[in-house]
Amino acid sequence: MIVSRSVRALRKRERALAELVDKVPSHIWRLTADGEPIFFNKRMVDYLGLDIADIRQPGMSGLDAMIEMAIHPDDAARFRTTLRHCFASGESFSTRYRLRRHDGIYRWMSSRADSIHDRHGRISQWYGLCHDIDDQIRAEEALQRSERHLQRLIDALPVHICSWTPAGEVSYVSRRYMRELGLSKANFEQLAKAALDLVHPEDRLEVQGRAAHCIRAGEPFMMRYRRHGPDGLFRWTEGRFEPLRDQNGAIVEWYGLSIDVEDQVRVQDALRLAQQNLARASQAASLAELSASIAHEISQPLAAVISSSDVSQRWLSEQPPNIERAQKAVERISESAHSAVEVVARIRALFKRSETTRDYTALDSVVREARDLMAEEALRRRVRMDVELERDLPPIAFDRVQVQQVLINLIRNGLEAMDSAGDDRVLRIRARRATNAVQIEISDRGPGVEFPDRIFEPFFTTKGQGMGMGLAISRSIVESHGGRLSVEQADPHGATFIFTLPVDVGQAVHA
Ligand code: ADP
């Protein structure tokens, strides 16, 4: 009774184990010590559509028959060699291969087998486990394909790409960049030094300083500088890098890119030169036109004044003098002189009419606009522009276009004045409140003004290509707004041009 109960329990356990072996989502198989298959679990039988009995073929071992029937022809030789090696050495078996399903489709499997030994230490059997990894392999292949595609794309693009960790460890350098920097896997981490060595010596300090600042502050970097190209010439390059942050804002990686902008810079230079020439030419043309029309308008009454005074002189020098006729001629002189005055008054009124275009505009936006318009030129001349605008400047009425013209004139003069300066090239633009006015100061660090008494005269210039009209026009614009334009010596050196624009007290209160 007791025996039959324990036999029943044993059988129950055996059934449970057999069920487990069949239900486990893997293929389980067993081989003799010589590698003859003796058991496949149900999942394996279902998968293959074969059982042990089906692989018994005359004149062939069960294992060879199974390899022939179920292992992909491209994997069969490797599979057989690995197995033979394991049977001979007793080492565990682990490999990947494609296994044929009952419907003829091959799927990737990962298989492992271990030997078990009898009491004497001899191998008695092999147990194997095999998982279907087809989906995983296909996903890996797709990933590798897309990685290869991306790599080809990066290699084909005419840009340099790199990345590094917040700790400064270089994590990626595109092939093109490696070639240009003369880097290899061995000195990969020398990226920053190699990149900086190629920068033009005049730009190097600034690139280094700005890059270090951006990395410290976690800010994006963007700068144009000259870089030594593979042809031995320096070419304009735009370098950019910026951080990638995680959800908490911590920097995870820095990504950098640099691109050749030589052609773009050349085109911009040519365009800027053409614009400057055009602006100069149109200024000269409009000045000449204006002078001609003023001369024409005034010369008529002046000619009349001269002829009437000749006539009056003739009547007075007669014997006796003809006072009546001379008086008439003097009246005509007076009339002609008045009409000359009128012409001048009309011309002045013409200019004064520009007052109607004055609006209450925020001065800071005009200053920023002028700064932006000149930003390219400042970059080209390696000048940093610092703008300091006092908060809540009172609103003032001015002609936006004219004041912008003044700002651009003064900024351009400041930039040109620093052409032969050293590295300390800073142009400071400040706007602040003064008594009943807003005061704008433009300071450079050039050599200073050589002829302060003459620079506001029309056509006074010390530049080979200068026209000498910029300051004269600027002063007349500022004065027509009721302000003043003057120059002072800057501290420690250079020039500070200061102009004021008066605040309309009544309007300021309502604004
Ligand atoms: P242009 O720039 O065509 O010479 P401007 O009227 O603008 O005409 O300037 C007149 C002269 O004033 C310049 O030729 C130069 O000698 C002097 N000048 C103007 N701005 C500066 C400056 N920031 N620093 C030194 N000199 C200046």
Side-chain angles (χ1 to χ4, degrees), residues 269 272-291 351 366-367 369-388 398-399 401-432 439-481 483-501:
D269 273 353
R272 191 177 310 110
L273 207 66
Q275 269 172 348
Q276 273 173 8
N277 289 341
L278 192 70
R280 290 229 156 97
S282 69
Q283 266 180 1
S286 57
L287 205 71
E289 219 169 76
L290 194 68
S291 319
F351 283 111
V366 180
V367 173
E369 248 169 53
R371 188 252 334 254
D372 293 347
L373 280 169
M374 299 304 289
E376 276 280 327
E377 181 147 359
L379 195 71
R380 201 167 55 85
R381 293 175 188 267
R382 323 226 55 79
V383 177
R384 192 181 84 223
M385 286 202 283
D386 283 351
V387 176
E388 280 174 44
F398 60 86
D399 185 315
V401 176
Q402 287 188 345
V403 169
Q404 201 175 72
Q405 194 184 341
V406 173
L407 284 163
I408 287 178
N409 262 327
L410 299 180
I411 294 173
R412 178 174 292 130
N413 278 345
L415 296 180
E416 287 174 354
M418 286 188 277
D419 266 352
S420 50
D423 283 341
D424 180 31
R425 298 186 183 187
V426 182
L427 185 94
R428 197 168 71 143
I429 308 167
R430 253 175 105 188
R432 57 194 170 107
Q439 180 163 312
I440 298 107
E441 297 168 13
I442 287 126
S443 308
D444 60 67
R445 298 194 186 163
V449 174
E450 207 181 338
F451 304 99
D453 303 335
R454 303 204 47 204
I455 54 170
F456 294 102
E457 288 171 15
F459 303 111
F460 176 84
T461 180
T462 55
K463 301 172 190 169
Q465 299 286 314
M467 221 175 66
M469 284 307 292
L471 289 178
I473 293 173
S474 298
R475 182 173 258 185
S476 81
I477 291 176
V478 171
E479 288 181 354
S480 78
H481 280 76
R484 282 174 49 75
L485 168 64
S486 57
V487 64
E488 283 178 10
Q489 169 93 25
D491 180 33
H493 57 90
T496 300
F497 282 84
I498 303 172
F499 71 93
T500 53
L501 292 172

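Every heavy atom of this structure was used, including side-chain atoms; hydrogens, water molecules and symmetry mates were not. The first residue of the sequence shown is numbered 1, and numbering continues consecutively from there. Just so you know, ligand 1 is whichever comes first in the structure, and atom 1 is the first atom listed for that ligand.
Within the structure, the closest approach of Val449 to ligand 1 falls below 4.0 Å when heavy atoms are considered. Under a 4.0 Å heavy-atom criterion, Gly468 is in contact with ligand 1.
In this pair, Phe456 and Phe497 present their aromatic rings perpendicular. The plane angle is above 60°, beyond the 30 to 60° band.
Shown in contact with Gly448 at under 4.0 Å from a heavy atom are these atoms of ligand 1, numbered in order with element: 25 (C). Remark: ligand 1 atoms within the under-4.0 Å shell around heavy atoms of Ala417 are 22 (C), 23 (N), 24 (N). Close approach of ligand 1 to Thr461 is summarised as follows: ligand atoms under 4.0 Å from at least one heavy atom of the residue are 1 (P), 4 (O), 14 (O). Those atoms of ligand 1 that come under 4.0 Å of a heavy atom in Thr462, given as number and element, are 13 (C), 14 (O), 15 (C), 16 (O).
Taking the side-chain contact (heavy atoms from CB on, under 4.5 Å) definition, one finds that Ala490 meets it with Thr496, sequence neighbours left out. Looking at residues two or more places apart in sequence or on another chain, you find no side chain to side chain donor-acceptor pair (under 3.5 Å) involving Glu488.
A donor-acceptor contact under 3.5 angstrom links the side chains of Gln439 and Glu441, judged on distance only.
The line from CD1 of Ile440 to CG of Leu410 is 9.5 Å long, rounded to the nearest 0.5 Å. For the atom pair CZ (Arg382) and CG (Leu415), the distance works out to 13.0 Å, reported to the nearest 0.5 Å.
In terms of polar-atom proximity, Glu450 is not counted as a contact of ligand 1, lacking any N or O under 3.5 Å from an N or O of the ligand.
Contacts between Asp444 and ligand 1 below 4.0 angstrom, taking non-hydrogen atoms only, involve the side chain exclusively. Counting heavy atoms closer than 4.0 Å to ligand 1, residue Phe456 contributes nothing at all.
The heavy atom nearest to atom 5 (P) of ligand 1, considering only Ile442, Leu471, Ile455, is found in Leu471. The option from Phe497, Phe451, Phe460 that lies nearest to atom 10 (C) of ligand 1, judged by heavy atoms, is Phe460.
Enclosure of atom CZ in Arg484 is not indicated, since only 12 or fewer non-hydrogen atoms of other residues, nucleotides or ligands lie within 6.0 angstrom.
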